[in-house]
Colleague: 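Below: one structure in structure tokens.
Position 1 is the first residue of the sequence; numbering continues from there. Just the heavy atoms: all of them, side chains too, but no hydrogens, waters or symmetry mates, feed the values below.
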Amino acid sequence: MASYFSDLAQQYIDGEWRPGTGSWDVIDFDPYNDEKLASITVATVEEVDLAYRAAARAQKEWAETNPYTRRAVFERALRLVEEREQEIADLIIAELGGTRVKAGFELHLAKEFLRESIHLALRPEGRILPSPVDGKENRVYRMPVGVVGVISPFNFPFLLSLKSVAPALALGNGVVLKPHQNTPIAGGTLIAKIFEDAGLPGGLLNVLVTDIAEIGDAFIEHPVPKVISFTGSDKVGRHVATVCAKHFKRSVLELGGNSALVVLDDADIDYAVDAAVFSRFVHQGQVCMAANRVLVDRSVQEEFTEKFVAKVRTLKTGDPRDPETVIGPVINSAQAAAISGTVEQALAEGATALVHGGTTDNLVEPSVLTGVPAESPLLQQEVFGPVVFLIPFDGEEDAVRIVNGTPYGLSGAVHTGNIERGVAFAKRIDTGMFHVNDGTVHDEPIVPFGGEKHSGVGRLNGETTLEAFTTVKWISIQHGRSGFPF
């Protein structure tokens with residue numbers, strides 16, 4: 001694994017590994033022990049231009065390549081991920097503090113999305129439409145957009161980079177990827193290496209390790225990319241969308257959430273507890289779909305709370321390399337401080353800590369809070385860490401009001417003994433995704449993924465990915481002669 005960090009600590013531009021030419025370095029740390037993993041000199045505005053120009057050049061030939069030939073690259077990439085799975089898992093654990101369970105979960109989904117990309121290469125279909133004009137044939141072609149810029153986050157970097165990169169390439173586009181600076185290898189150069197070894201032509205995929213402190217908005221503003229796919233916070237997503245609109249680019253935004261898991265009065269309490277604990281504490285709660293809020297009908301509040309708190313107390317916090325660890329480190333010290341600050345603010349506002357976890361370096365133990373005032377801003381925002389708010393409600397109407405009472409609308413779940421009651425409840429919630437009798441954290445390669453309100457714009461996966469990374473062109477043919485008025 002050490003060779004991954006030493007060999008891949010570079011920029012990947014136009015099929016070549018090269019150092020950046022910026023004036024400072026991104027330092028890649030293990031968030032558990034602060035070990036320095038790699039140092040990468042940042043890419044500059046000039047290198048952003050080189051990467052996009054390379055992608056544009058290579059894309060023209062790639063778009064004309066037989067899709068069956070394109071498909072073979074993704075088949076090889078999948079085999080390489082399978083062959084290197086243990087090394088990649090170890091890298092995920094080291095670079096972002098993911099536990100072994102989390103690394104396995106991320107790799108499982110990444111392989112599923114690569115499998116879908118194999119099929120996606122053959123998915124674009126044209127249409128012939130009728131015309132009211134005699135002798136006219138209307139053809140509608142589905143075409144690659146050209147070049148896609150991808151900006152990925154730190155929490156599931158390998159999966160969430162691949163989720164845009166692989167489909168965009170499979171559909172005939174070029175790609176420039178900018179991973180988060182906390183995960184430049186797992187979210188960036190590792191993917192470049194896999195596709196290079198899989199035989200992807202040079203120039204089609206470029207990876208830039210850099211930051212807005214160096215390049216400003218150059219990655220988004222550059223004239224080459226027609227689509228920017230961004231996964232991250234709603235604050236940054238708003239800025240990305242604004243810049244894209246200004247430059248007439250399409251943006252696909254997968255943003256934050258403030259999801260709720262709702263326990264109705266007829267729920268299986270033991271099962272709901274298991275679902276809620278996973279939904280909040282998977283990967284230390286650093287998941288956009290995580291259940292920030294757990295809403296419990298007052299009639300079952302006492303039973304649920306007792307069992308929930310007991311289970312949370314069993315979660316081991318520590319070294320993510322230890323198979324017994326459930327809660328590893330958060331990504332950095334700033335995140336750890338922010339999470340601790342959230343807990344202290346809630347307590348200052350009058351909340352009660354049923355579990356009050358401590359913080360040591362980047363290790364943040366779970367906290368379970370109840371009695372947070374309904375008007376507290378904490379209930380309106382995303383908390384990206386192992387803190388959960390337990391909220392009682394009185395009947396379904398009250399639950400719907402509370403769940404919908406935030407600016408976000410990404411995911412959620414409801415637990416009930418009546419499936420159709422759950423579906424009816426789910427339909428009333430303003431989210432892009434909602435799950436009945438399950439957790440809030442799910443992703444599947446052919447099901448539309450995305451949010452409403454501040455949780456994003458657009459969808460990915462399956463047919464919606466096709467819409468995101470292609471465009472349509474109308475070409476008409478007049479087989480006879482048109483009549484003109486002058």
Colleague: Relative to the ring of Phe195, is the ring of Phe74 parallel (under 30°), tilted (30 to 60°) or perpendicular (over 60°)?
Modeller: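 Rings of Phe74 and Phe195: perpendicular, over 60°.
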
Colleague: Looking at Arg57 and Asp14, is any side-chain nitrogen of the basic one under 4.0 Å from a carboxylate oxygen of the acidic one?
Modeller: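 Result for this pair is yes, salt bridge flagged.
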
Colleague: Is the closest basic N to carboxylate O distance between Glu106 and Lys102 below 4.0 Å?
Modeller: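 Judged by the 4.0 Å cut-off on N to carboxylate O distance, Glu106 and Lys102 do form a salt bridge.
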
Colleague: Using a strict cut-off of less than 4.0 Å between a Lys/Arg side-chain nitrogen and an Asp/Glu carboxylate oxygen, indicate whether Asp234 and Arg238 qualify as a salt bridge.
Modeller: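 The answer is no: the pair does not qualify as a salt bridge.
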
Colleague: Quick one: do Asp90 and Arg100 make a salt bridge, cutoff under 4.0 Å?
Modeller: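 Between Arg100 and Asp90 there is a salt bridge, with a charged N closer than 4.0 Å to a carboxylate O.
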
Colleague: Without swapping roles, check the side chain of Glu95 against the backbone of Ala186 for a donor-acceptor pair under 3.5 Å.
Modeller: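 Here the side-chain-to-backbone pair exists.
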
Colleague: Look only at the side chain of Ser152 and the backbone of Ser161, and say whether a donor-acceptor pair between them is shorter than 3.5 Å.
Modeller: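 Not confirmed, Ser152 side chain does not pair with Ser161 backbone.
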
Colleague: May I ask you to decide whether Arg139 forms a salt bridge with Glu125, counting only side-chain N to carboxylate O separations under 4.0 Å?
Modeller: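 No, this pair does not count.
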
Colleague: Please determine whether a side-chain nitrogen of the Lys or Arg among Arg142 and Glu467 lies less than 4.0 Å from a carboxylate oxygen of the Asp or Glu.
Modeller: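 Salt bridge: yes.
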
Colleague: Parallel, tilted or perpendicular: which fits the ring planes of Tyr12 and Trp17, with parallel below 30° and perpendicular above 60°?
Modeller: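 Rings of Tyr12 and Trp17: tilted, as their planes differ by 30° to 60°.
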
Colleague: Test the Lys163-Phe158 pair against the cation-pi criterion, namely NZ or CZ under 6.0 angstrom from the six-membered ring centroid and within 45° of the ring axis.
Modeller: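 So Lys163 doesn't make the cation-pi contact.
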
Colleague: If we check side-chain hydrogen bond (donor to acceptor under 3.5 Å, both in side chains) with Thr41, which of these qualifies: Asp25, Thr210, Thr21?
Modeller: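 So, applying the side-chain hydrogen bond (donor to acceptor under 3.5 Å, both in side chains) to Thr41 and each of Asp25, Thr210, Thr21, only Asp25 qualifies.
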
Colleague: Which atom names give the shortest non-hydrogen contact between Leu177 and Gly188, and what distance separates them?
Modeller: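 So the minimum-distance heavy-atom pair works out to CD2-CA, 3.8 Å.
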
Colleague: Using side chain to side chain donor-acceptor pair (under 3.5 Å) as the criterion, list what pairs up with Arg71, not counting sequence neighbours.
Modeller: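 Partners of Arg71 under the side chain to side chain donor-acceptor pair (under 3.5 Å) test: none.
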
Colleague: For the pair Lys36 and Asp30, find out whether any cationic side-chain nitrogen is under 4.0 Å from an anionic carboxylate oxygen.
Modeller: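 The answer is no: the pair does not qualify as a salt bridge.
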
Colleague: Determine, for Arg123 against Glu116, whether the closest basic-nitrogen to carboxylate-oxygen distance falls under 4.0 angstrom.
Modeller: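 Looking at Arg123 and Glu116, the cut-off is met.
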
Colleague: Using a strict threshold of under 4.0 Å (side-chain N to carboxylate O), is an ion pair present between Asp197 and Arg79?
Modeller: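 Salt bridge absent between Arg79 and Asp197.
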
Colleague: Please check: side-chain N/O of Arg459 versus main-chain N/O of Phe449, any donor-acceptor pairing under 3.5 Å?
Modeller: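 No, Arg459 side chain to Phe449 backbone: no donor-acceptor pair under 3.5 Å.
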
Colleague: Over 60° means perpendicular and under 30° means parallel, so tell me whether Phe278 and Phe105 are parallel, tilted or perpendicular.
Modeller: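 Aromatic pair Phe278/Phe105 classed perpendicular.
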
